[in-house]
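Notes follow once the structure below has been shown.
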Amino acid sequence: MAEEDLIQVRREKAASLRELGVHPFGVAQPVRHTISDLLRAVPSVDDLPDEPGIAEDAPVFEIAGRVLAIRRFGKGAFLRMRDRSLEENQLFLSKAALSDRDWQVLGLTDVGDYVLARGPQFRTRRGDRALRASSFTVLTKALRPLPEKWHGLADKELRYRQRYVDLIANEDVRRVFVTRTKAIAFIRRFFDDRGFMEVETPMMHSLVSGATARPFITHHNALDLDLFMRIAPELYLKRLVVGGFERVYELGRNFRNEGLSPRHNPEFTMLEFYWAHATWNDLMELTEEMIVGLVRELGVGNPEDPLKVPCGGDVIDFTPPWPRVSMREAVLARMEGVAEADLDDVEKLRELARGQAGGDPKKEGEIERMGHGELIGFLFEETVESHLHRPTFITGFPVSVSPLARRNDEQPDIADRFELMIAGREVANAFNELGDPDDQRLRFEAQTAAREAGVEETMDYDEDYIRALEHGMPPTAGEGIGIDRLVMLLTDSPSIRDVILFPLMRPAD
RNA sequence: GGGGGCGUAGCUCAAUCUGGCAGAGCAAUGGACUCUUAAUCCAUAGGUUGAAGGUUCGAUUCCUUCCGCCCUCACCA
């Protein structure tokens, strides 16, 4: 039947409900129990009576939820429903146990409707738990049909555009988003427990800084001012450290105007935290503790080995301590025929990099402009990154690609910075923060120079941030963790769209 | 933005290669049935084959353009 006709039939049922005095889109009424309560009240089905054995004074439960299936047979029916506890239960509706009106209401009930039922629990002849309804009504009429009961909603486009249907139809999708919510709650608790203060900084910025990415532009009418949606909260959070909030975190959305992919959504959730009187080594320990805690708390690992987590048909071992490897060491171990001395020879590195460019003229052009550290970084990305499976801290980032990170005291062209790689993906990025306002000024100037030389993604020079540093920031380490990517790992999701409730889609029409 | 794939009933899928009346299951409608579990049985109805154009006696099928989605490369987290 055509969609309009299916809807028309249900509209007519809604009208019939009104005639029976049942508002098809009624006002809320108290609901005393959840389906979880039913299970908790009598944990074992064996302890329930059969239908004839239901006692006069048996406890009456009152549950409300969405109808998932109806099986009618003459003067009786079984109806499967799910409620806010996300548990499912059966109702048994018999003409004998219901008022005439409630029986008529059942005749006007479709899969997808929200219903309210009261009655005692019992055990069916097949040994299942069910509620025998002594009263039954429709709370909300669904005008549209749900997807097919066996296959559910499979079309990815419909699943992302109509997530409400996806959530009704697909259990694994519900599970992913429950896990996401639990992960975020865990992270907040983790930082709160350690004396970190959650703060909210502006999402509309007048400068583009804190990361290198192209921004979204928006406009404030009253001030006639173009603003950028933030690409990172970093510089505001460090201003707060200057202000004396020595442990701060922000868990929120960033916006980057770049391509979409299974690992990139234009708006994504990031955790950033700053910890005064700590170093990047402390951050590695804290990160390890937090993610191991998450994996344990959420129970996403194998039952017999909770730190081995299935991911993309493979298994990731989260058992600490995680390896800490410099990009130099990683490249040396990975690339055959490369000697340690070669890594100090810029021209030799450039030659190796050309060999990895695969004839791509754009890459080759970039290679010619790269310095020593950037060349090692390039070789790392080309040869090592995708092979890093278990959680690994990568260090040895050049200062030139780390404009907000403190220099290493022994190796001034290397930043005290690490990235955490898991399953070939970057999950976290952290460093000792640069507190020297004069050095920070030089870094901003280098960014400005790079922009003038044609580099598209550079940071704006933030004069007020320098001013803040001139007031003195305590020695601080800071980190950003991509929450969506972390949730992808925890839920074995191949695409970022599977862990974002409403991923960006082109308008359908 | 480049390359590849996909789009058929409300949903899940056939038919497309090799052009010849567009089909099934679920859902829906009418009927039978007081223990179903993807209930069963009988009957009925449901289509702008993503859109537009072209080739052809004839197009879901072949060609072109456009729209949307997926994968991939590039940029990035």
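Proteins get letters first, then strands, A, B, ... in listed order; numbering begins at 1 in each.
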Item to check | Atom pair distance, as rounded to whole Å: CD in Gln8(A) and P in rA28(B) | outcome: 16 Å

Checklist entry - Counting side-chain heavy atoms from CB outward, which of rC69(B), rC11(B), rC35(B) is closest to Arg506(A)? => result rC69(B)

Item to check | Salt bridge Glu250(A)-Arg230(A), side-chain N to carboxylate O under 4.0 Å | outcome: yes

Checklist entry - With respect to the side chain of Glu51(A), which nucleotide from rC35(B), rU34(B), rA27(B) is positioned closest? => result rC35(B)

Next on the checklist: Just to be sure I understand the rule, does Asp155(A) reach a base, reach only the sugar-phosphate, or reach nothing, if contact means heavy atoms closer than 4.0 Å?
Outcome noted: sugar-phosphate

Checklist entry - With sugar-phosphate meaning primed atoms plus P, OP1 and OP2, does Gly74(A) contact a base, only sugar-phosphate, or nothing at under 4.0 Å between heavy atoms? => result base

Checklist entry - Do any N or O atoms from the side chain of Glu479(A) and from the backbone of Ala428(A) form a donor-acceptor pair under 3.5 angstrom? => result no

Checklist entry - Using a cut-off of 4.0 Å on non-hydrogen atoms, how would the nucleic acid contact of Leu158(A) be classed: base, sugar-phosphate, or nothing? => result sugar-phosphate

Checklist entry - Whole-Å distance between rA27(B) C1' and Leu153(A) CG? => result 14 Å

Checklist entry - CD of Glu457(A) versus C1' of rA74(B): gap in Å, rounded? => result 12 Å

Checklist entry - rA27(B) phosphate, OP1 or OP2: any side-chain N/O from Lys149(A) under 4.0 angstrom? => result yes

Checklist entry - Of the candidate nucleotides rA38(B), rC70(B), rA28(B), which contains the atom at the shortest distance from the side chain of Trp150(A)? => result rA38(B)

Checklist entry - Looking at rG68(B), rA28(B), rG10(B), which one has an atom nearest to any side-chain atom of Lys13(A)? => result rA28(B)

Item to check | Salt-bridge criterion met for Arg163(A) and Asp166(A) (N-O under 4.0 Å) | outcome: yes

Next on the checklist: Are there over 12 heavy-atom neighbours, none belonging to Arg324(A), within less than 6.0 Å of that residue's CZ?
Outcome noted: yes

Item to check | Integer angstrom distance from the P of rG20(B) to that of rC67(B) | outcome: 30 Å

Checklist entry - How far does the P atom of rG2(B) sit from the matching atom of rU65(B), given to the nearest Å? => result 12 Å

Next on the checklist: So if I take every side-chain heavy atom of Leu6(A) and compare against rC71(B), rU12(B), rA28(B), which nucleotide ends up nearest?
Outcome noted: rA28(B)

Next on the checklist: Say we look at rA27(B) and rG10(B): how far apart would their C1' atoms be, to the nearest angstrom?
Outcome noted: 8 Å

Checklist entry - Given that both distances must come in under 3.5 Å, which nucleotide forms a Watson-Crick or G-U wobble pair with rG1(B)? => result rC73(B)

Next on the checklist: Taking the C1' atom in each of rA22(B) and rU8(B), what is the distance between them to the nearest angstrom?
Outcome noted: 8 Å

Item to check | Inter-nucleotide P distance (rG23(B), rU48(B)), Å rounded | outcome: 15 Å

Item to check | Per Glu258(A) side chain, nearest of listed nucleotides rC35(B), rC11(B), rC75(B) | outcome: rC75(B)

Checklist entry - Out of rA28(B), rC71(B), rC11(B), which nucleotide sits closest to the side chain of Pro262(A)? => result rC71(B)

Item to check | Whole-Å C1' distance, rU61(B) and rC6(B) | outcome: 15 Å

Item to check | Phosphate OP1/OP2 of rC70(B) contacted by Arg497(A) side-chain N/O (<4.0 Å) | outcome: yes

Item to check | Nearest-Å distance for atom pair CD1/P, residues Ile54(A) and rU34(B) | outcome: 19 Å

Checklist entry - Roughly how many Å is it from CG in Asn257(A) to P in rG1(B), rounded to a whole number? => result 13 Å

Checklist entry - For the base of rC70(B), is there a side-chain donor-acceptor partner from Glu157(A) under 3.5 Å away? => result no

Item to check | Whole-angstrom distance between rC17(B) and rU12(B), as gauged at atom P | outcome: 24 Å

Next on the checklist: Quick check: on RNA chain B, is the nucleotide nearest Lys156(A) upstream (toward 5') of the one nearest Ala69(A), or the reverse? Name the residue that is more 5'.
Outcome noted: Ala69(A)

Next on the checklist: Which nucleotide wins on minimum distance to the side chain of Glu3(A), given the candidates rC35(B), rG10(B), rC71(B)?
Outcome noted: rG10(B)

Checklist entry - Between rC11(B), rC35(B), rC70(B), which nucleotide gets closest to the side-chain atoms of Arg125(A)? => result rC35(B)

Next on the checklist: Categorize Arg161(A) for me: base, sugar-phosphate, or nothing, with a 4.0 angstrom heavy-atom threshold over every strand shown.
Outcome noted: sugar-phosphate

Checklist entry - How far, in whole Å, is rA15(B) from rA52(B) if one measures between their P atoms? => result 25 Å

Next on the checklist: Base, sugar-phosphate or nothing for Ala96(A)? Non-hydrogen atoms, less than 4.0 Å.
Outcome noted: base

Checklist entry - Across all strands, who's sitting opposite rC26(B) as a Watson-Crick or G-U wobble pair, both distances under 3.5 Å? => result rG10(B)

Next on the checklist: From C-beta outward on Glu148(A), which listed nucleotide comes closest to its side chain: rC69(B), rC11(B), rC71(B)?
Outcome noted: rC11(B)

Item to check | Watson-Crick or G-U wobble mate for rC21(B), both contacts under 3.5 Å | outcome: none

Next on the checklist: Using a heavy-atom cut-off of 4.0 Å across all strands, would you classify Gly152(A) as base, sugar-phosphate, or nothing?
Outcome noted: sugar-phosphate

Next on the checklist: Does the structure show a Watson-Crick or G-U wobble partner for rC35(B), both distances under 3.5 Å? Name it, or say none.
Outcome noted: none

Checklist outcome for this item: Atom NZ of Lys141(A) and atom P of rA28(B) are separated, to the nearest Å, by 10 Å

Next on the checklist: Can you measure Glu12(A) atom CD to rA28(B) atom P for me and round it to whole angstrom units?
Outcome noted: 15 Å

Checklist entry - Which part of the nucleic acid, if any, lies within reach of Asn265(A) when heavy atoms closer than 4.0 Å are counted: base, sugar-phosphate only, or nothing? => result base

Next on the checklist: Main chain of Glu87(A), side chain of Arg82(A): is a donor-acceptor contact present, judged purely on distance under 3.5 Å?
Outcome noted: no

Checklist entry - How many Å lie between CZ on Phe255(A) and P on rC75(B), as a whole number? => result 24 Å

Checklist entry - With a 4.0 Å cut-off, would you call Glu368(A) and Arg354(A) a salt bridge? => result yes

Item to check | Derivation of the salt bridge (Lys or Arg N to Asp or Glu O under 4.0 Å) call for Arg144(A) and Glu3(A) | outcome: CA-CA 8 Å; Arg144(A) 289 178 180 275; Glu3(A) 189 172 26; 2.8 Å; yes

Item to check | Comparing Glu426(A) and Met505(A) on RNA chain B - which has the more 5′ nearest nucleotide | outcome: Met505(A)

Next on the checklist: Applying a 4.0 Å non-hydrogen cut-off, can you work out what Ala2(A) is touching in the nucleic acid: base, sugar-phosphate, or nothing?
Outcome noted: sugar-phosphate

Next on the checklist: Take a 6.0 Å sphere around CZ of Arg253(A) and say whether it holds more than 12 heavy atoms from other residues, nucleotides or ligands.
Outcome noted: no

Checklist entry - Between Asp46(A) and Arg123(A), does at least one N-O distance fall below 4.0 Å, as a salt bridge requires? => result no

